[in-house]
Amino acid sequence: MLPTTEKTCNMSGKILFVDDEPDLESLICQKFRKKIRTGEYQVFFAHNGVEALSTLREQPDIDIILTDINMPVMDGMALLAELNELVTLVKTVVISAYGDLGNIRKAMNGGAFDFLIKPINFQDLEITINKTLCHVQQLKDNERSRNEREEKLRQSEAREREKAIQLELALQNLQRTQSQLIQTEKMSSLGQLISGIAHEINNPVNFIYGNLTYVTDYTHQLLSLITLYQQHDAHKYPEIEALIEQIELEFIKEDMPKMLSSMKLGAERIRQIVLTLRNFSRLDEAEMKPVNIHEGIDSSLVILQSQLKAKPNSSSIQVIKEYGDLPQIECYACQLNQVFMNLLSNGIYALNHYDKKGSPEPIKIEPRTITIRTSMLNRDWVRISFKDNGPGMTSDVETRLFNPFFTTKPVGDGTGLGLSISYQIVVEKHGGDLKCFSQPDQGAEFVIEIPITQNNRIEMKAT
Ligand SMILES: Nc1ncnc2c1ncn2[C@@H]1O[C@H](COP(=O)(O)OP(=O)(O)O)[C@@H](O)[C@H]1O
Ligand SMILES: [Mg+2]
């Protein structure tokens, strides 16, 4: 009886007959000539197991192997064992004499799909072939659709992974942009404020400074007039004599020029501070320009001056400058000043908050210092280092230092943006490098390395 699934099966396939019987080939070709002619059956013949395996290597998509059991060189049982080792969908049908039932049973236990009894009944053979073909075809279909499903799964997994990466990147980008916006906003309002104040102070200081020269001249003239007058007429008038005594004219003559020159010095200082403040904000300079880096560091120090001074229960922070001989650096001065500010204010904060875990009192280190060193790294690059002798940091903090929003400070004290912005400014905007060297209780050193001109950006800094 034909299996019901046969109706849906396309019963064509490749069939390998393995038998040492010489007449079998012509018999099969004759019996199945119609199917062979129409291409429904493609038949192959081998005379023992070894030949069968070699045919299978040439035709790896053979669907069925019909094999005799007793053969020379390699018998059917050995062939079956070899086939079990191969990863293939081929099904084996053993054919043996009625008296060899023991072997047939062994073959079935050893993985054969079906068996036939010799002498071969060709109708039976055809049914068995068709049934087996149908089974193999179903296996192949299953395998194909499993492969397709797996491929689809792989593709969708790859798509999801790609999406996750994109999302991660977008998130990082967003965080960076957000931090940039906040810091830019903060710095630009600070810059505007500073430049506004500088402008407001500049005008009145100029009245004072500009007029002081005249006041000095007039005073000299008036004093020499009084002296002249004294020499000629003053002793005739006791009232004038008394007033001269009373106001201590001699002292005034001596003190007045000193006062004027110290007023001039003061006005000069105010003008200098105003200049520094304008230099710091440098709002007018949006493009890269060659500047003196030391001026930028100095103006940041002026702005932070009050934080460096001694407080009721702490000494002042000493700033040690070891400036090298640097050329002008082509940079966005305002942005680099911002980096100096960030590094310096982090150093100051660290020195002001030196508590060691477990110790009840803040540790006092004397003297508290920030050392600023500048030098040429090579012909085309400079190195600027800010080093404090504060608490330093753990390696865990050090690895996260430059992440946007990473801070160890309490709310209100830190935003966690200073270093991430500084990193962007140095690395992305100037093609330089920003590194931190620190260990707990060993202070921290931040090193900026930047090219002198932007033409040197891509050149190796180690050359
Ligand atoms: N000089 C320093 N010494 C010790 N720790 C520092 C120093 N500079 C930065 N850090 C650590 O790096 C963190 C991130 O700094 P930063 O990005 O400037 O953000 P914030 O100053 O707002 O915390 C700080 O919270 C601090 O833990
Ligand atoms: Mg900071």
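Remember, it's 1-based here, ligands and their atoms both numbered in the order they're listed. Computed from a predicted model, the values in this text were never measured in an experiment.
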How far is [atom] from the closest protein heavy atom, and which atom is that?
| atom | value |
| --- | --- |
| atom 14 (C) of ligand 1 | Phe406 O, 3.3 Å |
| atom 6 (C) of ligand 1 | Met393 CE, 3.7 Å |
| atom 23 (O) of ligand 1 | Thr407 OG1, 2.5 Å |
| atom 17 (O) of ligand 1 | Leu419 N, 2.8 Å |
| atom 4 (C) of ligand 1 | Gly392 O, 3.5 Å |
| atom 27 (O) of ligand 1 | Thr408 OG1, 2.4 Å |
| atom 3 (N) of ligand 1 | Ala350 CB, 3.5 Å |
| atom 18 (O) of ligand 1 | Asn346 ND2, 2.9 Å |

- Query: Going by the angle between their ring planes, with limits at 30° and 60°, are His430 and Tyr332 parallel, tilted or perpendicular?
  - Reply: perpendicular
- Mind checking whether His353 and Tyr349 have parallel, tilted or perpendicular rings, split at 30° and 60°? parallel
- Have a look at ligand 1 and work out which part of Tyr349, if any, has a heavy atom under 4.0 Å from it: side chain, backbone, both or neither. neither
- Query: Backbone, side chain, both or neither: what part of Asn342 comes under 4.0 angstrom of ligand 1, heavy atoms only?
  - Reply: neither
- Message: Heavy atoms only: which of Lys409, Glu445, His353, Arg400 lies closest to atom 21 (O) of ligand 1?
- Response: Lys409
- Query: Do Phe437 and Phe446 have their ring centres less than 6.0 Å from each other?
  - Reply: no
Which ligand 1 atoms, with their elements, are less than 4.0 angstrom from a heavy-atom of [X]?
| X | answer |
| --- | --- |
| Leu401 | 11 (C), 12 (O) |
| Gly414 | 22 (O) |
| Ala444 | 1 (N), 2 (C), 3 (N) |
| Asp388 | 1 (N), 2 (C) |

- Sole candidate of Val426, Ile450, Leu344, Leu419 that passes side-chain contact (heavy atoms from CB on, under 4.5 Å) when paired with Val339: Val426
- Message: Would Glu160 and Lys163 count as a salt bridge (Lys or Arg N to Asp or Glu O under 4.0 Å) here? Give the steps.
- Response: CA-CA 5 Å; Glu160 292 305 315; Lys163 264 193 217 154; 3.6 Å; yes
- Note on the structure: Residues Ile370 and Gly347: closest non-hydrogen pair is CD1-C, 4.2 Å
- Grab the two heavy atoms, one from Ala267 and one from Ile208, that are nearest each other, plus how far apart they are. CB-CG2, 4.4 Å
- Identified salt bridge (Lys or Arg N to Asp or Glu O under 4.0 Å) counterpart of Lys435 within the set Glu449, Glu398, Glu445: Glu449
- Would you check whether Pro391 reaches within less than 4.0 Å of ligand 1, judged by its heavy atoms? no
- Message: Tell me whether ligand 1 is touched by Gly416 - counting only heavy atoms on the residue side and a distance under 4.0 Å.
- Response: yes
- Message: Is it the case that the side chain of His135 and the backbone of Lys131 share a donor-acceptor pair, with hydrogens and angles ignored and the cut-off at 3.5 Å?
- Response: no
- Query: Would you say the side chains of Lys152 and Asn147 form a donor-acceptor pair under 3.5 Å?
  - Reply: no
- Item | Test item: side-chain donor near acceptor, Asn352 and Arg368, under 3.5 Å | yes
- Ser420 to ligand 1: N or O pair under 3.5 Å? no
- Message: I'd like to know: is the Mg ion (ligand 2) within the 2.8 Å range of an N/O/S atom from Tyr349, strictly under that distance?
- Response: no
- Message: Measuring only between side-chain heavy atoms, which start at C-beta, is Tyr323 closer than 4.5 Å to Asp298?
- Response: yes
